[in-house]
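Since we're looking at a predicted model, the values are computed, not measured.
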Amino acid sequence: MRRSRLLYFTIIIATIITGLLSRHFKSIPLFIGDILWALMVYFIVSFLFINKPIKVVVIASLLFCFAIEFSQLYKAPWINDLRHTLFGKLVLGAGFLWSDLLCYVVGVGIGCIVDFYMLEKTPK
């Protein structure tokens with residue numbers, strides 16, 4: 001079954017909007033944003049590597065998410081300055097948290113489930 005870049009693009013945009021909106025409501029826990037960030041990464045990797053098996057997408061997504069999280073342990077002035085920008089805060093984060101790694105696993109897992117569901121329900 002062929003996967004659709006247009007569908008992934010649409011899901012990426014919806015996930016970004018949902019993630020940004022989640023930061024504006026105090027009743028939504030912050031970890032939801034981390035889950036949505038990993039979900040977005042999963043769909044971006046799916047979009048870029050459309051013909052790769054889902055297993056490869058999962059591994060690449062988790063490696064990227066974990067690399068970003070562990071990069072937060074690096075505290076050079078230039079990267080800290082970048083982290084103080086909106087882009088840096090959204091992409092690179094601010095501080096390392098072990099719990100974020102679990103959120104990334106959950107987000108990528110949700111993406112994998114959605115992917116399986118989409119492939120199963122897509123007309124042949």
Side-chain angles (χ1 to χ4, degrees):
M1 177 60 48
R2 263 187 78 75
R3 291 152 49 191
S4 165
R5 278 204 165 98
L6 179 60
L7 182 57
Y8 283 124
F9 181 76
T10 305
I11 293 172
I12 291 165
I13 297 302
T15 305
I16 289 170
I17 291 169
T18 306
L20 291 173
L21 286 174
S22 76
R23 298 296 181 179
H24 290 288
F25 298 101
K26 300 293 181 196
S27 60
I28 298 175
L30 289 177
F31 71 87
I32 298 297
D34 296 323
I35 291 171
L36 289 168
W37 186 83
L39 182 63
M40 177 202 65
V41 168
Y42 176 87
F43 287 122
I44 290 172
V45 172
S46 295
F47 177 88
L48 293 174
F49 301 105
I50 195 85
N51 294 320
K52 295 291 183 189
I54 291 176
K55 178 180 176 180
V56 172
V57 174
V58 167
I59 292 168
S61 301
L62 286 174
L63 285 174
F64 180 82
C65 290
F66 282 27
I68 293 294
E69 189 66 23
F70 281 107
S71 78
Q72 294 172 15
L73 296 171
Y74 181 64
K75 299 292 184 184
W78 70 270
I79 200 163
N80 284 340
D81 291 341
L82 183 59
R83 287 184 183 120
H84 292 313
T85 66
L86 179 61
F87 172 79
K89 189 181 295 185
L90 292 173
V91 175
L92 299 176
F96 178 84
L97 292 172
W98 286 103
S99 60
D100 285 352
L101 299 177
L102 177 60
C103 291
Y104 300 154
V105 170
V106 170
V108 170
I110 291 169
C112 188
I113 290 167
V114 169
D115 225 358
F116 277 126
Y117 181 76
M118 282 189 327
L119 289 175
E120 190 176 290
K121 297 296 182 184
T122 304
K124 296 180 181 180

Within a strict 4.5 Å, meaning less than it, do heavy atoms of the L97 and E69 side chains meet? yes
If the plane angle is over 60° it's perpendicular, under 30° parallel, otherwise tilted; pick one for F70 and W98. perpendicular
Joint cluster assignment, F87 & I12, ILVMFWY side-chain distance < 4.5 Å: yes
Donor-acceptor pair, distance only, cut-off 3.5 Å: does the side chain of R5 make one with the backbone of F47? yes
According to a hydrophobic-cluster definition based on side-chain heavy atoms being under 4.5 Å apart (Ile, Leu, Val, Met, Phe, Trp, Tyr only), do V58 and V56 belong together? no
Examine L48 and I59 and state if one hydrophobic cluster contains both, with Ile, Leu, Val, Met, Phe, Trp and Tyr joined whenever side-chain heavy atoms are less than 4.5 Å apart. no
Under 4.5 Å between side-chain heavy atoms, hopping through other hydrophobics if needed: is there a path connecting F96 to I79? yes
What are the two closest heavy atoms between F49 and V57, and how far apart are they? O-CG2, 4.3 Å
To the nearest 0.5 Å, tell me how far L39 CG sits from I44 CD1. 10.0 Å
If hydrophobic clusters are built by linking Ile, Leu, Val, Met, Phe, Trp and Tyr wherever their side-chain heavy atoms come under 4.5 Å apart, do V91 and V108 end up in the same one? yes
Please give me the minimum heavy-atom distance between I68 and S71, naming the atom from each residue. O-OG, 2.6 Å
D100 side, atom CG; L30 side, atom CG - distance, nearest 0.5 Å: 9.5 Å
How long is the gap from CD1 on I35 to OH on Y104, to the nearest 0.5 Å? 11.0 Å
For F9, look at atom CZ and say whether over 12 heavy atoms of other residues, nucleotides or ligands are found less than 6.0 Å away. no
What's the spacing between I32 CD1 and L36 CG if we round to 0.5 Å? 7.0 Å
Do other residues, nucleotides or ligands put more than 12 heavy atoms under 6.0 Å from the NZ atom of K26? no
Could you report the tightest heavy-atom contact between F31 and C103, atom names first, then the distance? CB-SG, 3.6 Å
How far does OH of Y74 sit from CG of L92, to the nearest 0.5 angstrom? 12.5 Å
Any side-chain to backbone donor/acceptor pair from R3 onto K52? Under 3.5 Å, distance only. yes
Minimal non-hydrogen separation, I16 against M40, with atom names: CG1-SD, 3.5 Å
From I13 CD1 over to Y8 OH, what is the distance, rounded to the nearest 0.5 angstrom? 15.5 Å
With a 4.5 Å heavy-atom cut-off, do V105 and L101 have their side chains touching? no
With a 4.5 Å limit on heavy-atom distance, are the side chains of V114 and F43 in contact? yes
Return the minimal non-hydrogen interatomic distance between Q72 and R83, and the atom names on each side. CA-NH2, 3.3 Å
What are the two closest heavy atoms between S46 and D115, and how far apart are they? OG-OD2, 3.8 Å
